[in-house]
Amino acid sequence: MKRINLSNLIDQIDMNRIPKHIAIIMDGNGRWAKKRFLPRTAGHREGVERVSEIVEAASNLNIECLSLYAFSTENWKRPSEEVEALMNLLILYIKRELDRLHKNNIRLQTMGDIYKLPTKVVDQVEIALEKTKDNTGMVLNIGLNYGGRDEIVRAVKNILADVKKGKLKEEDINPNIFSKYLYTSELPDPDLLIRPSGELRLSNFMLYQVAYTEFWFSEIYWPDFKPEHLYKAIIDYQQRDRRFGGI
Ligand code: IPE
Ligand code: IPE
Ligand code: MG
């Protein structure tokens, strides 16, 4: 029965108008766990399972890029045990999934200052970046110690440095050039941003890139987020009239 529903949903998707870039704020792990009288980390662990499933579903739909917000510049405010647990889960995810990602031709990319993460995480991330760097399928772009404001300030600093060096002329700076200084320089802007967990905010995610992104919010917590929700978000997205300021 479940399978029939899923394929019904897939049938409703117009494969010629698949969003190129989908971004997801993976939120609600803690509340999912709390509802079950479990520690918050149990929610994070379950959340990792959803990452594997959603990456596979997105890649099967030939989405060019999937951006996942995994750890924000503000998440350091959490208790150190929770941060530690999240870092360990990240290592676990990469170790467990790297071969499969590679086999599926997925190229891993990160956004955020990964060098502020524990060395053991950086090492693992670098192994994965290196292994998948020539893959030509979906880009899996993971936000790690990522913050939109941080990214914009970093871009400004790098632009200033290039102007000083004479590599860039001030009069040539425009929104397009600016975007080349973001972590996402090689990626199209997200077409669709998904945020589960009931929160209706960006929480410092891709501030520059979402200027004309379509938003899809859901009450569901990330550990309950299944491919069917991804399909529903895409179907909704395909009903939208994107005008980009035109008529
Ligand atoms: C998202 O779930 C995971 C991260 C931010 C790393 P949360 O941990 O924010 O879960 P809630 O929002 O407290 O339920
Ligand atoms: C956003 O979720 C960050 C990630 C999903 C990694 P948060 O749970 O940190 O956001 P707020 O604090 O509710 O805005
Ligand atoms: Mg949260």
Side-chain angles (χ1 to χ4, degrees), residues 21-55 58 65-94 96-97 108-118 120-122 124-125 128 140-154 182-184 187 190 192-210 213 215-226 229-230 233:
H21 184 172
I22 297 181
I24 307 182
I25 301 174
M26 306 185 289
D27 195 20
N29 295 353
R31 280 164 285 168
W32 180 91
K34 191 172 178 206
K35 218 173 77 183
R36 288 163 178 74
F37 307 101
L38 295 168
R40 292 178 56 85
T41 47
H44 296 316
R45 227 178 300 125
E46 193 63 24
V48 172
E49 301 311 313
R50 298 298 91 74
V51 174
S52 306
E53 293 165 16
I54 295 304
V55 165
C65 176
L66 178 68
S67 289
L68 299 178
Y69 203 6
F71 193 84
S72 78
T73 45
E74 286 73 36
N75 287 147
W76 297 107
K77 290 179 195 160
R78 297 185 179 205
S80 57
E81 310 81 67
E82 180 168 343
V83 171
E84 172 79 13
L86 284 165
M87 296 299 149
N88 288 336
L89 279 171
L90 197 64
I91 294 172
L92 184 122
Y93 172 77
I94 298 175
R96 195 184 74 184
E97 297 292 321
L108 200 77
Q109 193 182 306
T110 60
M111 53 179 183
D113 183 1
I114 61 164
Y115 299 101
K116 300 255 164 64
L117 300 172
K120 59 182 181 179
V121 179
V122 178
Q124 210 54 53
V125 169
L140 175 58
N141 174 41
I142 304 190
L144 294 174
N145 189 26
Y146 173 83
R149 288 184 170 178
D150 220 54
E151 178 184 41
I152 291 168
V153 170
R154 174 182 171 272
L182 300 173
Y183 290 113
T184 49
L187 305 174
L192 171 62
L193 172 85
I194 296 173
R195 181 166 194 163
S197 95
E199 307 300 355
L200 307 178
R201 56 176 172 258
L202 281 173
S203 302
N204 207 6
F205 193 49
M206 301 187 94
L207 300 181
Y208 191 88
Q209 297 91 334
V210 297
T213 299
F215 290 2
W216 194 83
F217 294 107
S218 161
E219 293 289 322
I220 203 159
Y221 295 139
W222 176 251
D224 288 326
F225 194 94
K226 296 284 187 171
H229 301 107
L230 177 72

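In what follows, residues are counted from 1 in the order of the sequence shown. Counting convention: from 1, in listed order, for ligands and their atoms alike.
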message = Evaluate Phe225 against Glu53 for side-chain contact (heavy atoms from CB on, under 4.5 Å), listing each step before the verdict.
response = CA-CA 9 Å; Phe225 194 94; Glu53 293 165 16; over 6 Å; no
inquiry  = Would you say NZ of Lys34 has more than 12 non-hydrogen atoms from neighbouring residues, nucleotides or ligands within 6.0 angstrom?
reply    = no
note = side-chain contact (heavy atoms from CB on, under 4.5 Å) test vs Leu68 passes for just one of Ile22, Leu140, Ile25, namely Leu140
ask   = Can you find an N or O of Arg40 that's nearer than 3.5 Å to an N or O of ligand 1?
value = yes
query = Counting both backbone and side chain atoms, is some N or O of Arg78 under 3.5 Å from an N or O of ligand 1?
reply = yes
Only heavy atoms of [X], strictly under 4.0 Å: list the atoms of ligand 2 that pass.
X: Ile25; answer: 1 (C), 5 (C)
X: Asn75; answer: 3 (C), 6 (C), 9 (O)
X: Phe71; answer: 6 (C)
X: Ser203; answer: 1 (C), 10 (O), 11 (P), 14 (O)

message = Salt bridge or not between Glu151 and Arg154? Use side-chain N to carboxylate O under 4.0 Å.
response = no
task = Decide, yes or no, whether a salt bridge links Arg96 with Glu49 under the criterion of side-chain N to carboxylate O below 4.0 Å.
result =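 Salt bridge: yes.
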message = So that I can check it, does any N, O or S atom in Glu199 come closer than 2.8 Å to the Mg ion (ligand 3)?
response = no
query = Under 3.5 Å, is there a donor-acceptor pair between the Ser52 and Glu97 side chains?
reply =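 Side chains of Ser52 and Glu97: pair found under 3.5 Å.
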query = By atom name, which N, O or S atom belonging to Asp27 lies closest to the Mg ion (ligand 3)?
reply = OD1
Could you see which bit of [X] sits under 4.0 Å from ligand 2, with heavy atoms only: side chain, backbone, both or neither?
X: Arg195; result: side chain
X: Glu74; result: neither
X: Phe205; result: neither

Looking only at protein heavy atoms, identify the closest one to [atom] and say how far it is in Å.
atom: atom 6 (C) of ligand 1; answer: Ala70 O, 3.2 Å
atom: atom 1 (C) of ligand 1; answer: Met26 O, 3.0 Å
atom: atom 10 (O) of ligand 1; answer: Gly30 N, 2.9 Å
atom: atom 2 (O) of ligand 1; answer: Asn29 N, 3.2 Å

task = Show your reasoning for whether side-chain contact (heavy atoms from CB on, under 4.5 Å) applies to Leu207 and Ile152.
result = CA-CA 8 Å; Leu207 300 181; Ile152 291 168; 4.2 Å; yes
task = Enumerate the atoms of ligand 1 whose separation from the nearest heavy atom of Arg31 is less than 4.0 angstrom.
result = 11 (P), 12 (O), 14 (O)
task = Using distance alone, determine whether Arg201 and ligand 2 share an N or O pair under 3.5 Å.
result = yes
request  = Could you go through the side-chain contact (heavy atoms from CB on, under 4.5 Å) check for Trp222 and Ile24 one step at a time?
outcome  = CA-CA 10 Å; Trp222 176 251; Ile24 307 182; 3.8 Å; yes
key: Selected option - heavy-atom contact closest to atom 9 (O) of ligand 1, from Leu89, Asp27, Leu90   = Asp27
query = Does Ser197 have a non-hydrogen atom less than 4.0 Å from ligand 1?
reply = no
task = Determine the interplanar angle of the Tyr69 and Phe205 rings, folded into 0 to 90°, and report it as parallel if under 30°, tilted if 30 to 60°, perpendicular if over 60°.
result =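 Tyr69 and Phe205: parallel rings.
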inquiry  = Can you tell me how the ring of Phe217 sits relative to the ring of Phe215, calling it parallel under 30°, perpendicular over 60° and tilted otherwise?
reply    =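 Ring orientation of Phe217 relative to Phe215: perpendicular.
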request  = Test Glu199 against Arg31 for salt bridge (charged side-chain N to carboxylate O under 4.0 Å, His left out), laying out the working first.
outcome  = CA-CA 12 Å; Glu199 307 300 355; Arg31 280 164 285 168; 2.9 Å; yes
query = Donor-acceptor pair, Asn145 side chain versus Ile114 backbone, under 3.5 Å?
reply =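 Answer holds: no.
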ask   = Under 4.0 Å from ligand 1, counting heavy atoms only, is it the side chain of His44, its backbone, both or neither?
value =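 It is the side chain that gets close, since no backbone atom is under 4.0 Å.
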